[in-house]
Amino acid sequence: MTVRFPDDSVDGFPAPPRTATDRESRDIRYRQAKHEDRDALTAMYLDFDPEDRAQGIPPGDESGINEWLDVVMDEDALNTVARHDDSAVGHVMLVPDRDGASELAIFVLQGYQGAHIGTELVRTALGLAQREGLECIWLTVERWNRSAIALYEKIGFERTGDDSFELEMSLRLATPE
Amino acid sequence: MRLIVGVDASERAMAGLEEVVSRARQAGDAITVAVYDSSGSLAGAEATVRERLDTLDFDATVETLEDNPGSQLVELSESDGYDRIVLAGGQTSPLGKIQFDPVIEFVLLNAHTTVTLIR
């Protein structure tokens with residue numbers, strides 16, 4: 001699939017690592033996810049409510065989760081994790097496509113939703129992407145998922161896809177002069 | 001049962017076709033494979049499908065759908081009285097999301113025949 005990107009770029013995203021207090025007064029640490037975060041992420045996805053799956057991911061069982069994490073945590077991909085104490089509570093992945101752009105997805109554990117973590121996590125992942133020199137980011141989201149669409153629009157994503165089951169949105173990151 | 005199976009030549013679709021064939025062998029289903037193209041060559045897609053059926057050593061009718069394959073598939077299923085439409089195409093995005101192609105979307109929304117979507 002060929003994705004169209006907006007002409008105007010978006011700037012001002014914070015790079016990891018950073019800490020921010022969520023709406024429930026929890027200190028959430030945002031940082032680039034590396035191999036040592038793998039077990040915590042597997043545990044997070046084992047805890048994941050099937051209701052929050054999007055287009056078939058995350059997979060429902062441990063072997064499926066591990067196979068999928070092998071793909072999204074490949075060395076070409078950029079991963080950002082939100083941690084509360086020792087647990088992973090949110091994860092953003094940026095996985096390169098064949099056209100030099102990257103696909104983004106975010107998952108936040110149920111008990112941590114609605115606390116502004118999703119917004120901070122996506123913004124931090126985009127800060128990391130900017131630092132690593134990425135420019136074109138896209139995602140798909142189910143049409144009925146209005147809260148997610150609103151979150152992406154607030155961050156600066158635009159709707160760029162044609163009509164289908166999923167809505168396609170994309171964003172152009174500002175690059176250094 | 002008489003099944004009409006809509007496929008393009010993608011790996012997902014070929015894996016799905018293989019699954020349909022192995023069930024058809026057990027259940028004695030008759031299969032028509034309706035081939036549509038997602039990547040530029042309908043003849044190439046048809047050749048891929050015929051080759052796969054040869055490899056599987058399974059006898060099925062092969063039809064090609066040129067324009068508006070979704071609506072043709074729905075029409076064929078009704079006019080020829082198939083019991084079920086089986087779909088096996090679609091793509092997986094770089095990070096593993098399932099993406100339906102427009103043919104699958106059209107058939108799911110418009111078919112009056114029961115549709116099975118292979119995952």
Side-chain angles (χ1 to χ4, degrees), chain A residues 1-3 33 41 45 52-60 64-74 76-80 91-107 125 134 136-143 145 148 161-170, chain B residues 6-20 36-42 44-45 48 65 67-74 77 85-119:
Chain A
M1 103 189 216
T2 311
V3 182
L41 284 169
Y45 286 115
D52 282 344
R53 273 189 210 152
Q55 295 138 278
I57 55 172
I65 289 169
N66 277 320
E67 265 176 48
W68 174 64
L69 285 176
D70 282 344
V71 173
V72 305
M73 297 186 76
D74 182 78
D76 294 336
L78 289 176
N79 286 263
T80 306
H91 178 203
V92 164
M93 60 217 74
L94 284 158
V95 181
D97 67 16
R98 289 182 197 152
D99 303 317
S102 293
E103 183 185 10
L104 178 146
I106 174 172
F107 294 97
L134 301 191
C136 294
I137 313 293
W138 61 275
L139 59 89
T140 61
V141 55
E142 282 144 322
R143 294 196 161 271
N145 198 345
D162 48 5
D163 282 342
S164 70
F165 278 11
E166 299 96 28
L167 190 70
E168 178 194 291
M169 304 181 81
S170 67
Chain B
V7 291
D8 59 11
S10 68
E11 256 321 298
R12 278 184 72 82
M14 290 303 97
L17 180 61
E18 207 158 305
E19 203 171 310
V20 176
Y36 60 92
D37 162 55
S38 302
S39 58
S41 159
L42 184 56
T48 306
L65 310 176
D67 301 316
N68 301 315
S71 94
Q72 280 199 62
L73 196 51
V74 169
S77 70
I85 301 173
V86 182
L87 298 171
Q91 306 268 323
T92 307
S93 81
L95 60 73
K97 286 187 174 179
I98 308 282
Q99 297 169 323
F100 296 144
D101 64 41
V103 177
I104 293 180
E105 289 182 14
F106 186 92
V107 174
L108 284 176
L109 293 172
N110 295 294
H112 293 276
T113 310
T114 301
V115 181
T116 296
L117 179 65
I118 298 184
R119 294 291 305 270

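Throughout, protein chains are lettered first and strands after them, A, B, ... in sequence-line order, and every chain is numbered starting at 1.
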Quiz item: Residues in ring pair (Phe, Tyr, Trp, His ring centres under 6.0 Å) with A:Phe107, at least two apart?
Solution: A:Tyr45, A:Phe48, A:Trp68

Quiz prompt | For chain B, the option from A:Glu103, A:Arg98, A:Met93 that forms the most heavy-atom pairs under 4.5 Å | solution = A:Glu103

Exercise. Without swapping roles, check the side chain of A:Arg143 against the backbone of A:Leu167 for a donor-acceptor pair under 3.5 Å.
Key: no

Quiz item: Under 3.5 Å, is there a donor-acceptor pair between the side chain of A:Asp74 and the main chain of A:Asp76?
Solution: yes

Self-check item: Audit row: A:Glu166, A:Gln55, side chain to side chain contact (heavy atoms under 4.5 Å, CB included) steps and yes/no
Solution: CA-CA 9 Å; A:Glu166 299 96 28; A:Gln55 295 138 278; 3.1 Å; yes

Self-check item: Side chain, backbone, both or neither of A:Leu94 within contact of chain B (heavy atoms, under 4.5 Å)
Solution: neither

Quiz item: Does any heavy atom of chain B fall under 4.5 Å from the side chain of A:Pro96, the backbone, both, or neither of them?
Solution: backbone

